[in-house]
There are 2 protein chains.
Amino acid sequence: MQFSVRLPVATHILLCIEKFQGKYKTTSTFLAGSVNVHPVIIRKTLGQLRTAGLVEVAAGVGGAKLTRSPKDITLLDVFRAVEEEEDLFHFQENPNPQCPVGRNIHRVLGTRLEKIKQHMMDDLAAITLDELLNAVNEEDVP
Amino acid sequence: MQFSVRLPVATHILLCIEKFQGKYKTTSTFLAGSVNVHPVIIRKTLGQLRTAGLVEVAAGVGGAKLTRSPKDITLLDVFRAVEEEEDLFHFQENPNPQCPVGRNIHRVLGTRLEKIKQHMMDDLAAITLDELLNAVNEEDVP
DNA sequence: ATCCATTGTAACACATATTATTACATCTAT
DNA sequence: ATAGATGTAATAATATGTGTTACAATGGAT
């Protein structure tokens, strides 16, 4: 079990948009060439990022740009843009209410797993696009 | 995207096994009645827990018991028993190596996401079956 | 020794989520 | 108007998760 490729792909897209701003027109086809996915996947993901207010896409003419500084965009913003808001773990629907374990498991385990998810969100919020871009620029191994 | 029901179900099973030890024979059918899943799901999960060395199952006669104290079983043990060992996020296979973002994204983003997964594992390791059982016993709302 | 409840496991069915692809209406600078 | 681009729906292919049936193997009880 692992999270889908959407967060990594969306992050890749955002990094490219910023990195190539002013140098290339960052169209879905251009971005697809770097990420190596179908341009429609790029457009769908850009749509999610646009809905989340992270990018502006030039309809018709093409190309995208960030709506704010990479310093002010975190992986949590990206995560929320492309993933559903839900519990980290899926719970069994109808445990037996006549069993002391069955009638308490969701609350007892759920509250603890919720904290773990919160930690994950905090960790994602601590990573900015700016940090990633600097790492890409500085640690580039061509 | 969320993790499957396996960790919660496996935890439920372990709690029942300990809670009802000596009072009921914890067969797959008995456990299935508390969790509310098909007995075969219970047997499969018990098989994973057995492989991980967390439980002993009495073949033929039926019933299961923990191999060690609930104090010494953490949710990380359970997680590892029922989930594959893999990255938290799935990465795109072949990003463009000629693009500075494409050729660095996996390393730059991957190392950071790996730390997040490690935090998650640490959090899971801090929760024992004993703690959960106490919570179930003490906070029981019949 | 046989019986019977139970486990272990394979096989299959089904639903859902993910990713890839095609198609096409719409948009906008030129 | 045209050309290149986006937005989005529809579809397909694949993978994963979950439910179910079936049955051989196990081991205590009789």
Side-chain angles (χ1 to χ4, degrees), chain A residues 1-10 12-13 16-17 20 24-33 35-52 55-65 79 81-95, chain B residues 1-10 12-13 17 20 24-33 35-52 54-65 79 81-95:
Chain A
M1 265 292 332
Q2 59 182 177
F3 282 98
S4 85
V5 80
R6 285 196 299 270
L7 173 75
V9 163
H12 189 150
I13 289 173
C16 280
I17 288 175
F20 297 117
Y24 294 92
K25 189 164 74 164
T26 52
T27 66
S28 61
T29 304
F30 174 85
L31 294 168
V35 179
N36 190 30
V37 294
H38 199 282
V40 171
I41 303 283
I42 301 288
R43 294 209 283 273
K44 279 182 187 166
T45 307
L46 272 177
Q48 294 179 297
L49 294 171
R50 179 166 44 80
T51 300
V55 301
E56 279 168 4
V57 183
V61 54
K65 62 174 184 177
F79 182 81
V82 300
E83 294 283 350
E84 289 292 314
E85 191 80 25
E86 59 192 344
D87 290 343
L88 187 55
F89 286 88
H90 177 205
F91 268 82
Q92 185 61 23
E93 290 298 313
N94 300 303
Chain B
M1 264 291 333
Q2 59 183 177
F3 281 98
S4 85
V5 79
R6 287 196 297 271
L7 173 75
V9 164
H12 189 150
I13 289 173
I17 289 175
F20 298 116
Y24 294 91
K25 189 164 73 163
T26 51
T27 66
S28 61
T29 303
F30 174 83
L31 294 168
V35 179
N36 190 30
V37 294
H38 199 282
V40 171
I41 304 283
I42 300 287
R43 294 208 284 274
K44 280 180 188 167
T45 306
L46 273 178
Q48 294 179 298
L49 295 171
R50 180 168 42 81
T51 301
L54 301 180
V55 301
E56 278 169 4
V57 183
V61 56
K65 62 174 184 177
F79 182 81
V82 299
E83 295 282 352
E84 289 294 313
E85 191 79 28
E86 60 193 342
D87 289 343
L88 187 55
F89 287 87
H90 177 205
F91 268 83
Q92 186 60 22
E93 291 297 313
N94 300 303

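Given the structure is predicted, the values throughout are model-derived calculations rather than measurements. The figures here come from the full heavy-atom set of this structure, side chains too, leaving out hydrogens, waters and symmetry mates.
The side chain of B:Val57 approaches C:dT7 more closely than any other nucleotide in the set D:dT6, C:dT7, D:dG19.
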>> salt bridge (charged side-chain N to carboxylate O under 4.0 Å, His left out), that's the test. Do B:Glu56 and B:Arg50 meet it? Break it down for me.
In response: CA-CA 6 Å; B:Glu56 278 169 4; B:Arg50 180 168 42 81; over 6 Å; no

Mind listing the side-chain donor-acceptor pairs of residues 36-45 of chain A below 3.5 Å, one per line with the distance, residues two or more places apart or on another chain?
| from | atom 1 | to | atom 2 | distance (Å) |
| --- | --- | --- | --- | --- |
| A:Asn36 | ND2 | B:Asn94 | O | 2.8 |
| A:His38 | ND1 | A:Val40 | N | 3.2 |
| A:Arg43 | NH1 | A:Ser28 | OG | 3.1 |
| A:Thr45 | OG1 | A:Ile41 | O | 2.8 |

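The separation between B:Glu83 atom CD and D:dG17 atom C1' is 10 Å, rounded to whole Å. Between the CZ atom of A:Phe30 and the C1' atom of D:dG4 there is a distance of 16 Å, given to the nearest Å. Rounded to an integer number of Å, the gap from B:Ile42 CD1 to C:dT9 C1' is 16 Å. Regarding B:Lys25, its NZ atom lies at a distance of 10 Å from the C1' atom of D:dG27, rounded to whole Å. Between B:Phe3 atom CZ and C:dA17 atom P the separation is 17 Å, expressed in whole Å. Whole-Å rounding puts the A:Glu56 CD to D:dA5 C1' distance at 17 Å. Between the CD1 atom of A:Ile41 and the C1' atom of D:dT14 there is a distance of 13 Å, given to the nearest Å. When rounded to the nearest whole Å, the span between NE2 of A:His38 and C1' of D:dT11 equals 13 Å.
The heavy-atom pair separating A:Gln48 from A:Val82 by the smallest distance is OE1-CG1, 3.7 Å. Between A:Val55 and A:Ile17, the shortest heavy-atom distance links the atoms CG1-CD1, 4.2 Å. When all heavy atoms of A:Ala81 and A:Leu49 are compared, the pair lying nearest together is CB-CD2, 4.0 Å.
To the nearest 0.5 Å, atom CD of residue B:Gln2 and atom CZ of residue A:Phe89 are 10.0 Å apart.
Between B:Tyr24 and B:Phe30, the angle of the ring planes stays under 30°, which puts this pair in the parallel group of the 30/60° scheme.
Using a 4.0 Å cut-off on heavy atoms, the residues of residues 43-51 of chain A that approach DNA chain D are A:Arg43, A:Lys44, A:Arg50, listed by number. In the region residues 85-94 of chain A, proximity to DNA chain C at under 4.0 angstrom, judged on heavy atoms, holds for none of the residues.
Inter-residue side-chain proximity for A:Pro95 and B:His12 is flagged as met; some heavy-atom pair is nearer than 4.5 Å.
Both B:Arg6 and B:Val40 lie close to DNA chain D; mapped to their nearest nucleotides by heavy-atom distance, the more 5′-ward contact belongs to B:Arg6.
For the OP1/OP2 pair of D:dG17 and a distance below 4.0 Å, the side-chain nitrogens and oxygens of B:Ser4 include no atom meeting the criterion.
Counting non-hydrogen atoms of other residues, nucleotides and ligands closer than 6.0 Å to CD of B:Glu86 gives a total above 12.
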